[in-house]
Amino acid sequence: MSNNYKPLPKEFYLSNDVCQLAQLLLGKYLISKIDKKLCVTKIVETEAYKAPEDKGSHAYNNKITARTNTMFAEGGRSYVYLCYGIHNMFNVVTGPTGTAHAILVRAVEPIFGIKFIAERRNIKDIKNLTNGPGKVCHALGITREDNNKQLYLDNKKIYLADNNPLNTKDIYKGPRVGIAYAEECANWPFRFYIKDNPWVSHPKIVKY
DNA sequence: GCGACGATTCGCT
DNA sequence: GCGAATCGTCGCG
């Protein structure tokens with residue numbers, strides 16, 4: 001099963017254009033093999049975070065802390081952090097070493113292992129299984145233990161697999177969710193999702 | 001050591 | 001639509 005999904009090579013993640021990569025990630029597969037449960041999902045929504053100039057980024061102004069350290073690693077690693085004391089957030093680190101770019105995976109579409117996903121989420125409405133960044137981590141079993149791990153090796157707990165890029169006309173671009181504090185950066189069109197995909201998170205449109 | 005806050009979610013009104 | 005939940009991280013001193 002998992003052999004059908006070819007990992008994205010490390011080189012994929014090394015571009016400096018984090019917004020282009022965030023769009024290229026749409027349609028790609030996010031796969032977890034945790035607790036012997038294989039779960040395959042398709043990425044349908046992403047957000048780019050572009051330090052140093054991005055006030056919405058934890059690494060704004062290239063601020064290095066114990067937490068943001070991961071974002072400065074070479075592209076192709078995970079950045080997982082805890083939000084609101086409750087929810088884990090899964091990001092893909094991009095760019096060369098020293099560049100603190102990251103892409104938040106906000107929503108995915110369940111493809112395989114839906115039974116495991118539903119068990120972890122423990123809710124009935126299938127459309128609410130993975131339509132939010134905290135839900136994605138809960139559904140796939142991703143926690144802060146999975147921070148700073150390589151994502152380009154298919155024998156690991158978490159990896160990303162290739163798929164054909166989407167047509168630009170099928171991609172929505174708009175302001176990111178939940179970063180009102182980021183001042184002028186709040187309105188940057190760094191949120192991307194697949195138009196009309198039923199698994200995209202709420203709200204569909206953000207206004208600051 | 002302490003206080004403020006958050007790249008959210010869920011349940012209730 | 002609104003408020004509570006819940007705790008690691010960060011800045012201050």
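When reading the values below, keep in mind they use all heavy atoms of this one structure, side chains included, and skip hydrogens, waters and symmetry mates. Letters go in sequence order (proteins before strands), and every chain restarts at 1.
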Using a heavy-atom cut-off of under 4.0 Å over every strand shown, decide if [X] touches base, sugar-phosphate, or nothing.
X: A:His58; answer: base
X: A:Arg191; answer: nothing
X: A:Arg67; answer: sugar-phosphate
X: A:Asn91; answer: base
X: A:Lys55; answer: nothing
X: A:Gly56; answer: base

- Item | Any A:Tyr79 side-chain heavy atom under 4.5 Å of A:Arg67 side chain | yes

- Task: Report yes if the side chains of A:Tyr193 and A:Lys204 come closer than 4.5 Å at any heavy-atom pair, otherwise no.
- Result: yes

Can you pull every protein N or O that's under 3.5 Å from an N or O on nucleotides 5-8 of chain C?
{"unit_1": "C:dT6", "atom_1": "O2", "unit_2": "A:Tyr84", "atom_2": "O", "d": "2.4"}
{"unit_1": "C:dC7", "atom_1": "O4'", "unit_2": "A:Gly85", "atom_2": "O", "d": "3.4"}

- Pair A:Lys50 + A:Glu53: basic N to acidic O under 4.0 Å: yes

- Does a side-chain N-to-carboxylate-O contact under 4.0 Å join A:Lys55 and A:Glu183? yes

- How does DNA chain B look in dot-bracket notation if pairs are Watson-Crick or G-U with both distances under 3.5 Å, crossing ones as [ ], other-strand ones as |? ||||||.|||||.

- Message: Donor-acceptor check, side chain of A:Arg106 to backbone of A:Pro133, threshold 3.5 angstrom: yes or no?
- Response: no

- Is a side-chain N or O of A:Asn61 found less than 3.5 angstrom from the main chain of A:Lys63, in a donor-acceptor match? no

- Query: How close do A:Tyr60 and A:Ala51 get, heavy atom to heavy atom, and via which atoms?
  - Reply: N-CB, 4.3 Å

- Heavy-atom closest contact (A:Pro96 atom, A:Asn16 atom, distance): CD-OD1, 3.6 Å

- Task: Measure from NE2 on A:His202 to C1' on C:dC2 and round the result to the nearest Å.
- Result: 17 Å

- More 5' along DNA chain B: A:Met71 or A:Ile123, using each one's nearest nucleotide? A:Met71

- Query: Contact boundaries of DNA chain B with chain A (under 4.0 Å, heavy atoms), 5' to 3'?
  - Reply: B:dG6 to B:dC10

- Message: Within the 3.5 Å criterion, strictly below it, is a donor on A:Asn131 or A:Lys135 matched to an acceptor on the partner's side chain?
- Response: yes

